[in-house]
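We count residues from 1, following the sequence as given.
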Amino acid sequence: MLKQMFLNRILMFPNAVAQKCMLMLVFIVAVGVIYFTSKGLHKFLFSWRYPFARKQGEISHSEAPLNPATSLTETELRTKEILEKLDQLIPPRPFTHVNTTTSATHSTVSILNPRRTYCRGDQIDILLEARDHLGHRKKYGGDFLRARMSSPALKAGASGKVTDFNNGTYLVSFTLFWQGHVSLSLLLIHPSEGVSALWRARNQGYDRVIFTGQFVNGTTQVLSECGLVLNTRAELCQYLDARDEEAFYCVRPQHVPCEALTHMNSKVRGISYLSNEEWKLFHRSKIGVEMMKNFTSIKVLPCNKSENIKMKCQTGMKTPFPSGYTFKRSWISAFCKQIKFNTMQEINYCLKRKLIYLMGDSTLRQWINYFLTVVKTLKNFDHHGTGLFKTHVLLDVERHILIQWKKHSHPFITEKLYSVKSENYIPREIDQVAGDNNMVIVITLGQHFRPFPINIFIRRAINIQKAIKRLFLRSPETKVILKTENTREIHENTEMFSDFHGYVQNLIMKDIFVDLNVGIIDAWDMAIAYSTDEIHPPDYVIENQIVMFLNYIC
C-alpha cells in the first residue's frame, strides 16, 4: 500500500521543485487575469512591447526598448508595409571602389525627338545613360538626381521629373511652362552606391545626436543625457505616449525627480556608420555634379496655345510634380487657379476671423516672421518663455485673427536651449483643436528626423494622419495644410542631413496622406524651382508659400 502511494506521488509531482513550479504557474495565471481585468488588454500588450511603458517620469533599469514577438498594432503593420516598399525602392548596391560608381562626366544625355524650336506647354524628354568612371554602362538604377530648367533673365525656374528604369537609364522630362530661352540642368547628387550606403547607415543607429536635458529642483540644476533610445544600464526617466507608441528617455539624475525636466538641447555626437571608402562618395567635389554641361539652351515660342482653364486652388486637390514654376520670381501653380493677394486689404480680408495653428519646425516659424513684417495690424503676444523655439503668437484683436507657431516634439535638434514643459506631439496638439470653418492647421515635418532611423518618421506621420481623421470627424470644415520639407545645403553633414533623406520622407508623406482632404504646399518643388539650397529659404520663397496657403483658405 505504501509503495503504491509513493509511486503515485512520483508520477503526479516528481519532487518538491515540481510542486513549487505548479504553484508558481497558478499564481502567474491569477495575476495575469487580475491585470487584464484592471488594466485592459491594450495596456498589457503595450507594456510587453515597450517594457519601459510606465507613467511619465517613472524609472527603469534597462537598455533600449525590446520588441518581443507579439501581435503587431495597426501602426506597426502600416510602418512595416511602408518599410518594405522603401527597401524595394532602395535595394543594396555593390560597392568596391569609387571608379565603379556613377560618373557625371562619363554618363551620356540626349534629347529624344529634338526640334529647333518648341511651343510653350510642350514637354521635352532627355534620355540619360549612366556610366561609371571607367566608362562602363551601369546595369542598375537608384542614382539620386535633381533636374531643373531655368531662364535667369526672366527669374523663371521649374523642376524636372526623373523616371528611373532601374537598368542604368533614366527619362528626364521638362514641361516648358514659359516662352524664351530655357536652360536645362541635371545634377548627380549621389550615385546609387552612395544612396544605398546612406540608407543602410541611417537605419543603423540612434546615437548620432546627443540630447542633454536640464533638470531643475529648487535652486539645483542638473544636466543628463537623453534620447529616443539609450543603451545604458542606468536608471531611466520615461516620457511616453502609450496611445501613439512614442517614447523619449533621460538618464535619471541623482536626487532629482524625473518630473523636474524643464529644458533640452542637442549636438552632433560625431558617430558615423559609413566606411572610409564610402565616405569618398560624399566628398564635396562628388555631390551635385552637372551631367549636361554641353547642352545649349532651348528656344520656346508662344505658338498661340490656349491654357487649360484651371479650378480655383482648394484642399483635396491632387498635386502633380512639378506642382508649379517661378516666373518673375512669383510662384505659379500648375494645377489650380491662384488669386494674387497683391494688397494688404486683400490679405486682411482673407485672414479675418481666422485661427491659424502652425505646427512644425523652424521653416514654418519663418511664416510668423513674414506675417509680423507684412501684416502691420498683427501684434506679437508675449507668450513668455525665451529663445527662438518658444511658442509664438500673433494677434489682431479688431479682426479676430490669431496665428500661433509651436515646435514639434522629439526629436528636435538644436544647440540652443528650449523649454519642454508645454511640449506636445503634433497629434496631441491636433486633438486639442475644436475645429470650425475659420480654423486652419498647417503642419511641416522632416528636417529634424533625417539623422534617425526612418521608422521614427513613419510612425509620427501615421499618428498625425490619424489625428487629422479624428479632427475631420468632429469638424470636417476645418482646413488642414501640409507643407513638405524643403531642400537644404547639399554639402552639410551628408550622412545625417542629405536631401536624399528628405526626398524619402516626402515620398512617405505623399503615401500616408494621399486620400485626405488636405492642401499641399510643395516646398521641395519650390526650393528646386527657385534654386535655393538653404534650410531656411529666402523671404521671397516664404512669401510665395504663404500666397499659396492663402489660396487654400480663402
Side-chain angles (χ1 to χ4, degrees), residues 50 52 54-60 64-65 205-232 234-241 244-271 358-365 368 383-392 404-429 444-453 456-457 459-460 463 493 496-497 535-536:
Y50 298 93
F52 294 159
R54 302 182 178 87
K55 294 179 183 177
Q56 179 166 318
E58 285 195 12
I59 314 305
S60 172
Y206 293 80
D207 52 356
R208 275 168 289 224
V209 177
I210 179 172
F211 293 88
T212 302
Q214 183 182 94
F215 291 75
V216 178
N217 188 12
T219 58
T220 304
Q221 290 189 358
V222 182
L223 302 181
S224 184
E225 183 178 350
C226 303
L228 296 164
V229 170
L230 291 177
N231 292 308
T232 176
E235 290 183 338
L236 297 179
C237 295
Q238 330 295 328
Y239 305 98
L240 305 163
D241 185 328
D244 291 342
E245 302 171 20
E246 297 283 10
F248 195 78
Y249 307 94
C250 290
V251 174
R252 183 200 179 190
Q254 289 186 351
H255 313 302
V256 179
C258 294
E259 294 80 4
L261 177 64
T262 61
H263 290 79
M264 188 83 61
N265 68 352
S266 61
K267 63 181 180 180
V268 175
R269 198 190 289 262
I271 290 174
L358 310 177
M359 304 177 184
D361 58 34
S362 56
T363 65
L364 198 52
R365 192 192 66 230
I368 284 282
H383 205 270
H384 297 226
T386 56
L388 291 171
F389 304 112
K390 68 177 183 177
T391 299
H392 292 263
Q404 173 184 287
W405 174 82
K406 197 169 184 180
K407 60 178 282 300
H408 67 70
S409 191
H410 314 298
F412 199 86
I413 303 171
T414 175
E415 293 185 356
K416 301 182 186 304
L417 206 64
Y418 59 87
S419 173
V420 297
K421 293 309 293 180
S422 62
E423 194 161 274
N424 248 336
Y425 292 107
I426 288 178
R428 295 290 181 178
E429 292 289 339
T444 193
L445 200 69
Q447 296 283 355
H448 294 262
F449 289 77
R450 292 188 183 190
F452 301 100
I456 298 291
F457 180 82
R459 183 172 64 236
R460 188 69 52 82
N463 287 333
N493 201 329
M496 292 174 60
F497 294 111
I535 187 171
H536 297 113

- Message: Holding to side chain to side chain contact (heavy atoms under 4.5 Å, CB included), I want the full list of residues that pass it with Thr414, two or more places apart in sequence or in another chain.
- Response: Phe389, Phe412, Lys416, Tyr418
- Between CD1 on residue Ile535 and CZ on residue Phe497, distance to nearest 0.5 Å: 7.5 Å
- Would you say the side-chain atoms of Asn265 pair up with the backbone N or O of Glu415, donor to acceptor, closer than 3.5 Å? yes
- Query: When you check the gap from the basic side-chain N to the acidic O, do Glu429 and Lys406 get nearer than 4.0 Å?
  - Reply: yes
- Message: Does any part of the side chain of Phe452, heavy atoms only, come nearer than 4.5 Å to the side chain of Val229, both counted from C-beta?
- Response: no
- Would you check if Tyr206 and Ile456 make a side-chain contact, meaning some heavy-atom pair closer than 4.5 Å? yes
- Message: Looking at Asn463, is its backbone amide N or carbonyl O close enough to the side chain of Asp244 to form a donor-acceptor pair, meaning the two atoms are under 3.5 Å apart?
- Response: no
- For the residue pair Thr363 and Thr444, establish whether any side-chain heavy-atom pair is separated by less than 4.5 Å. yes
- Item | Arg208 versus Ile271, closest heavy-atom pair with distance | CG-O, 3.2 Å
- Note, Tyr425 side chain near Asp241 side chain (heavy atom, < 4.5 Å): yes
- Would you say the side-chain atoms of Arg365 pair up with the backbone N or O of Leu358, donor to acceptor, closer than 3.5 Å? no
- State the CH2-CG distance between Trp405 and Leu388, to the nearest 0.5 angstrom. 8.0 Å
When the side chains of residues 209-228 are checked against the rest of the protein, which donor-acceptor pairs come out under 3.5 Å, sequence neighbours left out?
residue, atom, partner, partner atom, Å
Ser224, OG, Val251, O, 2.3
Glu225, OE2, Arg269, NH2, 3.0

- Query: CD/Glu423 to NZ/Lys421 distance, rounded to the nearest 0.5 angstrom?
  - Reply: 11.0 Å
- Message: Pair Cys258, Cys237 - check disulfide (SG to SG under 2.5 Å), show working.
- Response: CA-CA 6 Å; Cys258 294; Cys237 295; 2.0 Å; yes
- Query: Which value, rounded to the nearest 0.5 Å, describes the distance between Ser362 atom OG and Lys407 atom NZ?
  - Reply: 11.0 Å
- Message: What's the separation between atom CZ in Arg428 and atom CE in Met359, rounded to the nearest 0.5 Å?
- Response: 13.5 Å
- Message: Looking at every heavy atom in both Pro411 and Arg460, which two are closest together, and how far apart are they?
- Response: CD-NH2, 4.2 Å
